[in-house]
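Notes to accompany the following structure.
Just so we're clear, the structure is a prediction, and the values are computed from it rather than from any experiment. Residue numbers run from 1 in the order of the sequence given.
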Amino acid sequence: MPWNDHCLFTGGGALSGPASFPKCLPVQRAVVEEKYGPPFLQSVFRLSQLKQMCRVVSFAGICCYAPEVLAAALSEHFYDESPEAVLAYWTDEKLQAVNDKGDVPIKPPVADPLNSDGDAWERIGASPAGVGRLFFVRPNGQDASCTATVVESASRDVIVTAMHCLHTRSEQGDDAWSDRLLFLPAFRDGTGPQGRYTIRRLVAPEGALESERDGAFLQARVSSDGANVGDVAGQQAIRFDAPLSAGPRITFGYPVWANAYGILPPPPPYDLGNLEYSGQRLAYCATQRPVINGCKAFGSDIDREWGLPCVQGPGSSGGPAMIDFDFDTGLGTVVGTNNMGVVVDERANLCASPLDKAGREAFEYITSPRG
């Protein structure tokens with residue numbers, strides 16, 4: 001039972017509303033020439049042929065590379081709203097109101113912090129560096145949020161989250177993008193103690209529209225004080241080659257709803273009244289035994305994602321799935337992003353899509369000088 005109201009890969013339908021048209025860069029000629037030299041382009045392909053081979057679709061923001069230069073085409077989208085307009089839109093009242101549900105039953109905490117199925121990150125350990133709440137407006141005009149994390153880069157302004165939070169494609173092939181993105185690291189109770197950061201652009205593998213490859217990278221503008229988000233909030237290490245057998249041991253999120261199956265006695269479906277299930281405070285799940293169980297891509301019989309026993313629901317999408325996390329320092333290594341919720345053996349699981357080779361391509365591009 002995935003999150004049909006939130007996850008774009010589970011038959012909930014495409015988001016409706018007007019699409020904002022992205023800018024699309026031409027083929028990265030410098031990248032091709034760097035590997036093959038100018039004669040490769042001149043003697044083998046014309047630019048138009050190269051575009052056709054890579055399936056460039058300008059209105060979709062698909063920006064393409066030569067075969068064998070990069071493993072996947074990249075999607076690049078620029079956010080044209082002015083920082084002033086985005087900051088003016090997200091008033092304190094709006095930040096506190098997104099998906100606020102009021103009084104509903106409370107989830108009791110678990111006793112063992114290493115085996116949490118979704119509790120508040122309160123007095124558990126150091127605040128996880130760079131983790132925050134990402135606000136945006138869906139193409140249909142609805143205020144919404146996901147979770148995102150600052151990851152290590154020389155520019156100290158790169159954030160990883162879930163592509164399905166920010167983009168959808170209709171059955172007719174029309175693209176629609178969320179806009180007015182605002183990232184608040186260490187968000188708590190409607191405030192952003194580490195600043196408010198608008199977003200300049202997005203880069204993701206073309207395959208990020210598939211459930212099992214959901215990671216996308218954002219580049220944040222400096223804050224109103226001129227600070228880079230990584231300098232203020234800290235950065236997490238990132239890894240793109242973690243084997244499925246490794247598995248994350250902890251994941252964080254700002255859920256606005258709960259996948260409450262597996263809790264006895266069960267509360268009303270998909271609802272928990274804790275502050276960490278209203279999006280106002282950070283929640284986490286931890287396990288000593290990650291599983292590849294039931295986390296199949298929609299329409300597939302192959303397990304390709306990690307699953308943790310976890311009741312975090314919508315809003316936790318894009319949150320970091322991590323290995324080697326140190327409770328004392330709040331530092332670890334991001335190996336995937338929260339993607340969807342499922343029920344396995346009558347128990348809620350949160351699935352994370354691994355960051356793979358295609359994700360590395362997107363990361364290297366957004367962090368490159370030419371990007």
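- Side-chain contact between Asp143 and Lys94 is present, with heavy atoms from C-beta onward closer than 4.5 Å.
- Residues forming a salt bridge (Lys or Arg N to Asp or Glu O under 4.0 Å) with Asp326 (at least two apart in sequence, or on another chain): none.
- Counting heavy atoms from C-beta on, the side chains of Val335 and Trp306 come closer than 4.5 Å.
- By the ring pair (Phe, Tyr, Trp, His ring centres under 6.0 Å) test, Phe327 pairs with Trp121, Phe325, sequence neighbours left out.
- Distance check, rounded to the nearest 0.5 Å: CE of Met340 to SG of Cys351 gives 4.5 Å.
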When you look at Tyr89 and Asp179, which way does the side chain to side chain donor-acceptor pair (under 3.5 Å) test go after all the steps?
CA-CA 11 Å; Tyr89 178 82; Asp179 58 14; over 6 Å; no

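- Under the side-chain contact (heavy atoms from CB on, under 4.5 Å) criterion, Ala237 pairs with Glu152, Thr333, sequence neighbours left out.
- From Leu181, atom CG reaches atom CZ of Arg200 across 13.5 Å, with rounding to the nearest 0.5 Å.
- If you check the side chains of His164 and Ser317, you find a donor sitting under 3.5 Å from an acceptor.
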Walk me through it: do Tyr254 and Gln312 pass the test side chain to side chain contact (heavy atoms under 4.5 Å, CB included)?
CA-CA 8 Å; Tyr254 284 92; Gln312 291 187 51; over 6 Å; no

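- Here the CG atom belonging to Leu355 is positioned 10.0 Å from the CZ atom belonging to Arg360, to the nearest 0.5 angstrom.
- For Arg196, the salt bridge (Lys or Arg N to Asp or Glu O under 4.0 Å) criterion is met by Asp92, not counting sequence neighbours.
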Using the rule given for side chain to side chain donor-acceptor pair (under 3.5 Å), can you reason through Thr198 versus Arg221, listing the C-alpha separation, both sets of side-chain angles and the distance that settles it, and then say yes or no?
CA-CA 6 Å; Thr198 61; Arg221 299 184 180 96; 3.1 Å; yes

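- Looking at Ser316, its side chain does come within 3.5 Å of a backbone N or O of Gly313 through a donor-acceptor pair.
- Of all the heavy atoms in Gln280 and Gly190, the pair that sits closest is OE1-N, 2.8 Å.
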Please evaluate residues His167 and Asp175 with respect to the criterion side chain to side chain contact (heavy atoms under 4.5 Å, CB included), reporting the C-alpha separation (whole Å), side-chain torsions for both, the decisive distance (0.1 Å), and the verdict.
CA-CA 7 Å; His167 174 272; Asp175 288 82; 2.5 Å; yes

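- Applying the side-chain hydrogen bond (donor to acceptor under 3.5 Å, both in side chains) test to residues at least two apart or on different chains, the pairs with a partner in residues 185-194 are Glu122-Arg188, Asp189-Arg281.
- When the ring pair (Phe, Tyr, Trp, His ring centres under 6.0 Å) test is applied to Tyr197, no partner is found at least two apart in sequence or on another chain.
- When the side-chain hydrogen bond (donor to acceptor under 3.5 Å, both in side chains) test is applied to Thr161, no partner is found at least two apart in sequence or on another chain.
- Asn274 contributes no side-chain N or O that, together with a main-chain N or O of Glu276, makes up a donor-acceptor pair within less than 3.5 Å.
- At a threshold of 4.5 Å between non-hydrogen side-chain atoms, the residues Phe252 and Asn338 do not count as touching.
- Scanning all heavy atoms of the two residues, the minimum distance from Ala216 to Leu202 falls at CB-CD1, 4.3 Å.
- Annotation: side chain of Cys165 is in contact with side chain of Phe136 (closest heavy-atom distance under 4.5 Å).
- The backbone N or O of Val131 lies less than 3.5 Å from no partner atom in the side chain of Thr149, so there is not a single donor-acceptor pair.
- Taking the six-membered ring for Trp, Phe135 and Phe187 have ring centres closer than 6.0 Å.
- The SG atom of Cys285 sits 15.0 Å away from the CZ atom of Arg249 when rounded to the nearest 0.5 Å.
- Annotation: side chain of Asp119 is in contact with side chain of Tyr284 (closest heavy-atom distance under 4.5 Å).
- When atom types are taken as modelled, the side chain of Gln219 and the backbone of Thr367 share no donor-acceptor pair closer than 3.5 angstrom.
- Asp157 CG to Ser223 OG: the interatomic distance, rounded to the nearest 0.5 Å, is 12.0 Å.
- Inter-residue side-chain proximity for Leu166 and Leu134 is flagged as met; some heavy-atom pair is nearer than 4.5 Å.
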Begin with the C-alpha distance, continue with both residues' side-chain angles, and end with the deciding distance and a verdict on side chain to side chain contact (heavy atoms under 4.5 Å, CB included) for Phe183 and Ile159.
CA-CA 9 Å; Phe183 178 63; Ile159 299 166; 3.5 Å; yes

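- Under the 3.5 Å distance criterion, the side-chain polar atoms of Asp214 are matched with a main-chain donor or acceptor of Met163.
- Residues satisfying the salt bridge (Lys or Arg N to Asp or Glu O under 4.0 Å) criterion with Glu81, sequence neighbours excluded, are absent altogether.
- Partner of Met322 under the side-chain contact (heavy atoms from CB on, under 4.5 Å) criterion, chosen from Ile238, Leu331, Val334, Thr251: Val334.
- For the salt bridge (Lys or Arg N to Asp or Glu O under 4.0 Å) test, no residue two or more places apart in sequence or in another chain qualifies with Asp324.
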Only pairs under 3.5 Å count here: list side-chain donor-acceptor contacts from residues 225-234, not counting sequence neighbours, and write none if there are none.
| from | atom 1 | to | atom 2 | distance (Å) |
| --- | --- | --- | --- | --- |
| Asp231 | OD1 | Arg156 | NE | 2.4 |

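- Put simply, the side chain of Gln235 gets close to the backbone of Ser153: a donor and an acceptor are under 3.5 Å apart.
- The list of salt bridge (Lys or Arg N to Asp or Glu O under 4.0 Å) pairs with a residue in residues 232-246, not counting sequence neighbours, reads Arg239-Asp241.
- At a threshold of 4.5 Å between non-hydrogen side-chain atoms, the residues Val158 and Leu218 do not count as touching.
- A distance of 9.5 Å separates OG1 in Thr287 from CG in Asn349, rounded to the nearest 0.5 Å.
- Residues Thr337 and Val160 form a side-chain contact, since some pair of their non-hydrogen atoms from C-beta on lies under 4.5 Å apart.
- Among pairs with a residue in residues 222-245, those fulfilling ring pair (Phe, Tyr, Trp, His ring centres under 6.0 Å) read Phe240-Phe363, at least two apart in sequence or across chains.
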